[in-house]
There are 2 protein chains.
Amino acid sequence: MRMSQGVEWGLHCCVALGWIGQGEVISTAKLAAKFGLPAAYLNKSLQALARAGVLVSSAGPRGGFRLARAPSKITLLEVVDAIEGPEAAFRCTEIRRTGDGASPASECKRPCAVAAAMRQAEVAWRNELSKQTIATVMASAPQAAADRAVQWFEITRSATPTSAAVS
Amino acid sequence: MRMSQGVEWGLHCCVALGWIGQGEVISTAKLAAKFGLPAAYLNKSLQALARAGVLVSSAGPRGGFRLARAPSKITLLEVVDAIEGPEAAFRCTEIRRTGDGASPASECKRPCAVAAAMRQAEVAWRNELSKQTIATVMASAPQAAADRAVQWFEITRSATPTSAAVS
DNA sequence: GACCGATTACTCGGATATGTCGTGTCCGAGTTCTACCGG
DNA sequence: CCGGTAGAACTCGGACACGACATATCCGAGTAATCGGTC
């Protein structure tokens, strides 16, 4: 049971976008450069977040991604579901109904006890994720990191991306 | 984030072993036949449970697996960890320290906020799993299923596995 | 100087290869039951 | 009739292929800024 790497990347990017400001746009290339990630693959995760309504994408020069709403209105559950997919980690294949000792359909009106127990634990997990938001994570991170991120993005913005000034 | 199929199989097998009785032994072949599963692969999962101390294995004719202790003393977390491995689903790769905008080591004394948040949710999940035991699941399943399982295993035990009686 | 249009460069977006882990299968080592032989 | 011994069959246990998903990458469609020309 390994979670996709994209979740970590997506969360860090959302936090960075929150620090920059809700209305500000950052391109995939900038985010990838900041964290040292493969830009093309990071783009894939950000696309998923845009499809889910967490981010908003804009094309062309000065384009990129921005938060769709305030950081306090974006839960971690949304980010995880957007990248990992909404399907539960534990999937019941109804083995109680298969094989020689299969239970008749009359006994299978309610979900099997094993699946119910696993689902209960997963609900607790999802509930905990829905309690925390991007704003919560931003608050628990050191202020110095936030300042550093804002400053770094400011610098890269002023620098012309096409060619470094020769002066 | 998909959980291994073996978790479902292992849980169902533990519940079945609990119904039969703590001291009773059932072979992999019998369990596989009851649930309609590939015996060789199911054996792999049961081996993992035996290594973790959840089950006890015995070789030779009349051999197989039995519960290592009372069903009320076996938590779902033990079963999940035995098969899935103890590593957490979310793994922090410390991307805050990599790339152009990397944070200095002085800021990384405590775990990064993203990892802490994800870990908190995962702790809630594991906590819920550790609350429930095989006995809990046994109690929430329909009694008819338990009776059916006990009866089915009794029948297959009396039948000689080598050759069916011709009479 | 201001407006308009074509160009250009940069962005996202999806389609395309590759690596790793879960899935499935096989055969060998060990142990217990059984049947046979001898006393 | 009882004990010992050799055989056989059944069990677990780990080593060996296959397939699916996550990972990684590339190229094309679209858009906004820019530059040049014209009024």
Side-chain angles (χ1 to χ4, degrees), chain A residues 1-10 13 24-33 35-52 54-66 68 80 83-85 87 89-91 93 95 156-157 159-163, chain B residues 1-10 13 24-33 35-52 54-66 68 80 83-85 87 89-91 93 95 156-157 159-163:
Chain A
M1 191 181 57
R2 235 183 37 176
M3 182 171 293
S4 172
Q5 195 99 15
V7 172
E8 183 188 9
W9 300 357
C13 287
E24 296 299 313
V25 172
I26 307 181
S27 70
T28 302
K30 300 277 175 58
L31 287 166
F35 294 114
L37 303 176
Y41 187 32
L42 175 61
N43 190 19
K44 203 177 179 63
S45 297
L46 297 181
Q47 278 178 36
L49 288 172
R51 268 192 296 269
V54 174
L55 300 182
V56 173
S57 64
S58 37
R62 302 282 186 182
F65 292 93
R66 65 174 174 85
V80 171
I83 295 176
E84 283 292 324
E87 60 209 18
F90 180 89
R91 42 213 162 99
T93 57
I95 64 175
T156 57
R157 174 164 309 178
T160 51
T162 50
S163 62
Chain B
M1 190 182 57
R2 235 182 39 175
M3 180 171 294
S4 173
Q5 195 98 19
V7 173
E8 182 187 10
W9 301 357
C13 288
E24 296 298 314
V25 172
I26 306 182
S27 70
T28 302
K30 300 278 176 56
L31 287 166
F35 294 115
L37 303 175
Y41 187 33
L42 174 61
N43 190 20
K44 205 177 178 64
S45 298
L46 298 181
Q47 278 177 38
L49 288 172
R51 269 192 296 269
V54 174
L55 300 182
V56 173
S57 64
S58 37
R62 302 282 185 183
F65 291 93
R66 67 175 171 86
V80 171
I83 296 176
E84 283 292 324
E87 60 208 18
F90 180 88
R91 340 155 249 142
T93 57
I95 64 175
T156 57
R157 173 163 309 179
T160 52
T162 51
S163 62

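Each chain gets a letter, A, B and so on, in the order its sequence line appears, and its residues count up from 1.
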Quiz item: Can you name the closest pair of heavy atoms from B/Gly6 and B/Ser45 and give their distance?
Solution: CA-OG, 3.6 Å
Practice problem: Would you tell me if any nitrogen or oxygen in the side chain of A/Thr28 comes within less than 4.0 Å of OP1 or OP2 on C/dC12? | Solution: yes
Quiz item: With respect to the phosphate group of D/dT23, does any side-chain polar atom (N or O) of A/Ser4 fall under 4.0 Å of OP1 or OP2?
Solution: yes
Practice problem: Indicate the atoms forming the closest heavy-atom contact of A/Gly63 with A/Ser27, along with that distance. | Solution: O-CB, 3.8 Å
Quiz item: Within this structure, what is the CG-to-C1' distance between B/Leu46 and D/dG14, rounded to whole angstrom?
Solution: 15 Å
Quiz item: Can you find a side chain N or O atom of B/Gln47 that sits less than 4.0 Å from OP1 or OP2 on D/dG14?
Solution: yes
Practice problem: Give a yes or no on whether the backbone of A/Phe90 and the side-chain of B/Glu8 come within a donor-acceptor separation of less than 3.5 Å. | Solution: no
Quiz item: B/Pro38 or B/Glu84: which one's nearest nucleotide on DNA chain C is closer to the 5' end?
Solution: B/Glu84
Quiz prompt | Whole-Å gap separating P (C/dT20) and CZ (B/Arg91) | solution = 13 Å
Self-check item: Minimum-distance pair of heavy atoms, taken over all atoms of B/Thr28 and B/Leu42
Solution: O-CD2, 4.1 Å
Self-check item: First encountered from the 5' end of DNA chain C, between B/Leu42 and B/Glu87
Solution: B/Glu87
Exercise. Write down the atom of A/Ser58, the atom of A/Val25, and the distance for their closest heavy-atom approach.
Key: OG-CG1, 4.0 Å
Quiz item: Would one find a side-chain N or O of A/Ser57 under 4.0 angstrom from OP1 or OP2 of C/dC12?
Solution: no
Quiz item: On DNA chain D, nearest-nucleotide positions of B/Met1 versus B/Phe65: which is more 5'?
Solution: B/Phe65
Quiz prompt | Whole-Å distance separating the CD atom of A/Gln5 from the P atom of D/dA24 | solution = 7 Å
Practice problem: Return the 5'-most residue of the pair A/Gly6, A/Asn43 with respect to DNA chain D, ranking by each residue's nearest nucleotide. | Solution: A/Gly6
Quiz item: Given D/dA15, D/dG13, D/dA24, which nucleotide is nearest the side-chain atoms of B/Lys44?
Solution: D/dA15
Quiz item: Can a side chain N or O of B/Arg51 be found less than 4.0 Å away from OP1 or OP2 on D/dG14?
Solution: yes
Quiz item: Should B/Tyr41 be listed as having a side-chain N or O under 4.0 Å from OP1 or OP2 of C/dT25?
Solution: no
